[in-house]
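What follows is one structure encoded as structure tokens, with my remarks underneath.
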Amino acid sequence: MMKLFSRDRAKSQGVSAASAFAAPALRRLGQAMTMPRKPAVSDLAKDGKNTFRDLLSRLEIPINASTPDQIESEHIRDHGQFLARQERWDELEELIRTHDQNRATTATGTPLAELMLFGARSDVVRAAEHALLHGRPAEGADFFSGIEALESLLEDYPKSYPMALVVAHMHIDIGWAWRGAAAKDDVRDVNRDAFQAHFDRAADILKQYCPKQYFSPALSAARCALLPGSAQPLNTLCAEFESLIQLDPLNPRHMRALGNYLLPRWYGDFSQLDLQARRIAAQTYDIWGAGAYAWVWFDALLVDPNGLEMMEIEYFIDGVTDALDRRGDQHSANLMAAHLYRSWQHARSQYGTDGLREDLPPALRAGFDMVVREHLREIHPLIWGHAEIGFENTSRVISKERLSAKGRDVALQAVAMPFMAGLQAGQTVHFSPDGITQINP
């Protein structure tokens, strides 16, 4: 082994806190909005009938390829990286602690502390990933020195949990770089040993910091991130995630991560996943209504749609409705619409023809139509692109531009479905923040 250092709706308001550091970037870059282009005359069929592209030209919905949240997230990550490069550790430590204690997030719920932690360790992690990918460090890079430099922070800041998080997450990331992010058993011994060594080092760094004592979701999330390095992670997985959700119940990302780890390909099965989805929904009912049931199943269904056979579809649609009633931002609306469309596609091809779960396709389609008509007002193409590949870590091999282009095409065709009869009759469907207008020819 290597050694290394359904229901009444409870009214609740979501919390979203944006960092002051993001304001200049938001004002400078603004919100990049485009509209689907109008077709040229050559796009029309020669027989005078409209092509599908021509129908889409009458679907007037903004396409937001660079949302304020994406801009803000990049700015916060870059700021964390800048402070680390300048060795302004006191400032970095204070910002991470403040963001964590305040539960500060971007508009769509990404914790600012998490973004700063990522930026602070990114240079070292990227150097390690480059060396592992290419068999040698990048020119001028010495990632071993980078690891040692971050490790030295533990001596300079012996009682600082933010600095401990920077170093621990560095080891977790490098461990995954050795192993690969897929849930598989065919990992070479040397890779598995390196993965385990880095995870053991991260666990050793964090063991002196109790998340509840420090009232820290970032520490609790790090403990959850360590679970794949445990011999029997299922023994503590649900308890660790429940503690994290109790510390930060307004953030659905924790629920989504729990559901993914309870998939059969990781540490659980669909029965356990459904049970935990119900438990978390009950525990967070005052905040989310049935929403947590949908959030826990969210990523799991995209990664492994066989879970549709176990999931209670009516409860899931109730959860989607409750989640959007409580967090009605366009990021969440795009997440739910893309998810329901992808799940409907799978259910339509797999079920309904032999009597097995024939209720799924119409229920998922009805849920999708509801989200589009009642909540969706603009398209975020990156979300739709990620939904097509299951939000898995392997998406990093696809460029942002390609993923966005794919998501744009999928989203436009999907969003057109509820209005297809009107579009074919010549209607123009116009989306605005105030609602949807269908204009007759």
Quiz item: Can you tell me if D69 and H331 form a side-chain donor-acceptor pair at under 3.5 Å?
Solution: no
Exercise. For the residue pair P111 and H99, establish whether any side-chain heavy-atom pair is separated by less than 4.5 Å.
Key: no
Practice problem: Among R256, M255, R253, find the one that has a side chain to side chain contact (heavy atoms under 4.5 Å, CB included) with F298. | Solution: R256
Quiz prompt | Any donor-acceptor pair under 3.5 Å from N102 side chain to A104 backbone | solution = no
Quiz item: Between R103 and Q101, is there a donor-acceptor pair closer than 3.5 Å when you use the side chain of the first and the backbone of the second?
Solution: yes
Quiz item: Which residues satisfy the side-chain hydrogen bond (donor to acceptor under 3.5 Å, both in side chains) test with N260, sequence neighbours excluded?
Solution: none
Practice problem: For the pair D100 and Y161, evaluate side-chain hydrogen bond (donor to acceptor under 3.5 Å, both in side chains) and give the outcome as yes or no after the intermediate values. | Solution: CA-CA 11 Å; D100 185 39; Y161 84 80; 2.7 Å; yes
Self-check item: Which residues share a side chain to side chain contact (heavy atoms under 4.5 Å, CB included) with I439, sequence neighbours left out
Solution: T428, T437
Quiz prompt | Check ion pair R97-E91 (N to O, under 4.0 angstrom) | solution = no
Exercise. Write down the atom of A416, the atom of L56, and the distance for their closest heavy-atom approach.
Key: CB-CD2, 3.7 Å
Quiz item: So, do P211 and R223 sit near enough that their side-chain heavy atoms are less than 4.5 Å apart?
Solution: yes
Exercise. Kindly say whether G119 contributes a backbone atom to a donor-acceptor pair with the side chain of S122 at under 3.5 angstrom?
Key: yes
Self-check item: Partners passing side-chain hydrogen bond (donor to acceptor under 3.5 Å, both in side chains) against R377 (at least two apart in sequence or in another chain)
Solution: none
Quiz item: Are any side-chain N or O atoms of R327 and backbone N or O atoms of L250, one a donor and one an acceptor, separated by less than 3.5 Å?
Solution: yes
Quiz item: Under the side-chain hydrogen bond (donor to acceptor under 3.5 Å, both in side chains) test, which residues partner S404, sequence neighbours left out?
Solution: none
Quiz item: Residues in side chain to side chain contact (heavy atoms under 4.5 Å, CB included) with C238, at least two apart?
Solution: L262, Q276
Quiz item: With sequence neighbours excluded, what pairs up with Q330 under the side-chain hydrogen bond (donor to acceptor under 3.5 Å, both in side chains) test?
Solution: none
Self-check item: Partners passing ring-ring contact (aromatic ring centres under 6.0 Å, His included) against F419 (at least two apart in sequence or in another chain)
Solution: F431
Quiz item: Could you state the interatomic distance from OG (S73) to CG (L115), rounded to the nearest 0.5 Å?
Solution: 5.0 Å
Quiz prompt | With F241 via ring-ring contact (aromatic ring centres under 6.0 Å, His included) - residues at least two apart | solution = none
Quiz prompt | Inter-residue atom distance M170.CE - L117.CG, 0.5 Å rounding | solution = 12.5 Å
Exercise. Check whether any side-chain heavy atom of I379 lies under 4.5 Å from a side-chain heavy atom of P62, and answer yes or no.
Key: no
Exercise. May I ask you to decide if the ring planes of F199 and W176 are parallel, tilted or perpendicular, using 30° and 60° as cut-offs?
Key: perpendicular
Quiz item: Judged by atom type as modelled, is there a donor-acceptor pair below 3.5 Å linking the side chain of E378 to the main-chain atoms of I61?
Solution: no
Quiz item: Looking at residues at least two apart in the chain, or sitting in another chain, which of them share a side chain to side chain contact (heavy atoms under 4.5 Å, CB included) with A164?
Solution: L154, I205, L206, Y209
Quiz item: Thinking salt bridges, do D409 and K406 make one under a 4.0 Å N-O criterion?
Solution: no
Quiz prompt | Under 3.5 Å donor-acceptor, R326 side chain and D322 backbone | solution = yes
Quiz prompt | Any donor-acceptor N or O pair under 3.5 Å, side chains T110, E114 | solution = no
Quiz item: How far does CE of M163 sit from CG of D156, to the nearest 0.5 angstrom?
Solution: 10.5 Å
Quiz item: Which word best sums up how the rings of Y261 and W266 line up, parallel for under 30°, tilted for 30 to 60°, or perpendicular for over 60°?
Solution: perpendicular
Quiz item: Do you know which two heavy atoms are closest between M336 and A323, and how far apart they sit?
Solution: CE-CB, 4.0 Å
Quiz item: For the ring pair H339 and F316, is the centre-to-centre distance below 6.0 Å?
Solution: yes
Quiz item: Do you know which two heavy atoms are closest between A202 and L226, and how far apart they sit?
Solution: CB-CD2, 3.6 Å
Quiz item: Do you know the tightest heavy-atom contact between L360 and A347?
Solution: CB-CB, 4.0 Å
Quiz item: Step by step, would you call R408 with E401 a salt bridge (charged side-chain N to carboxylate O under 4.0 Å, His left out)?
Solution: CA-CA 11 Å; R408 177 188 183 277; E401 291 74 19; over 6 Å; no
Quiz item: How long is the span from the OG atom in S220 to the NE2 atom in H254, to the nearest 0.5 Å?
Solution: 7.5 Å
Quiz item: If you round to the nearest 0.5 Å, how far is OG of S152 from CD1 of I147?
Solution: 12.5 Å
Exercise. Apply side-chain contact (heavy atoms from CB on, under 4.5 Å) to V124 and D173, showing your working.
Key: CA-CA 10 Å; V124 177; D173 288 349; over 6 Å; no
Quiz item: Strictly by modelled atom types, are E388 and H386 linked by a side-chain donor-acceptor pair under 3.5 Å?
Solution: no
Quiz prompt | Donor + acceptor pair across side chains of T106, E72 (<3.5 Å) | solution = no
Quiz item: Heavy-atom distance under 4.5 Å between the side chains of E242 and I245, does that happen here?
Solution: no
Practice problem: For R278, enumerate each residue passing the salt bridge (Lys or Arg N to Asp or Glu O under 4.0 Å) test, keeping only those at least two apart in sequence or located in another chain. | Solution: D274, E312
Self-check item: With L273, the side chain to side chain contact (heavy atoms under 4.5 Å, CB included) member among V296, L258, L301
Solution: V296
Quiz item: In terms of side-chain heavy atoms, does W384 have a donor or acceptor partner in N334 at a distance below 3.5 Å?
Solution: yes
Self-check item: Set of residues satisfying salt bridge (Lys or Arg N to Asp or Glu O under 4.0 Å) with respect to R365, sequence neighbours excluded
Solution: D369
Practice problem: Taking the side chain as every heavy atom from C-beta outward, state whether H79 and L92 have any pair of such atoms under 4.5 Å apart. | Solution: no
Quiz item: Under 6.0 Å from the six-membered ring centre of W344 and within 45° of its axis: does the NZ or CZ of R348 meet both?
Solution: yes
Quiz item: Considering only heavy atoms from C-beta outward, does the side chain of L83 approach that of M116 to under 4.5 Å?
Solution: yes
Quiz item: Tell me, do M370 and T321 make a side-chain contact under 4.5 Å, heavy atoms counted?
Solution: yes
Quiz item: Do S332 and L324 come within less than 4.5 Å of each other through their side chains, counting heavy atoms only?
Solution: yes
Quiz item: Residues two or more places apart in sequence or in another chain: which of them pass side chain to side chain contact (heavy atoms under 4.5 Å, CB included) with Q70?
Solution: S66, T67, L382
Quiz item: Distance from I71 atom CD1 to I76 atom CD1, nearest 0.5 Å?
Solution: 12.5 Å
Quiz item: For the ring pair F195 and W178, is the centre-to-centre distance below 6.0 Å?
Solution: no
Self-check item: H171 side chain to E151 side chain, donor-acceptor N/O pair below 3.5 angstrom
Solution: yes
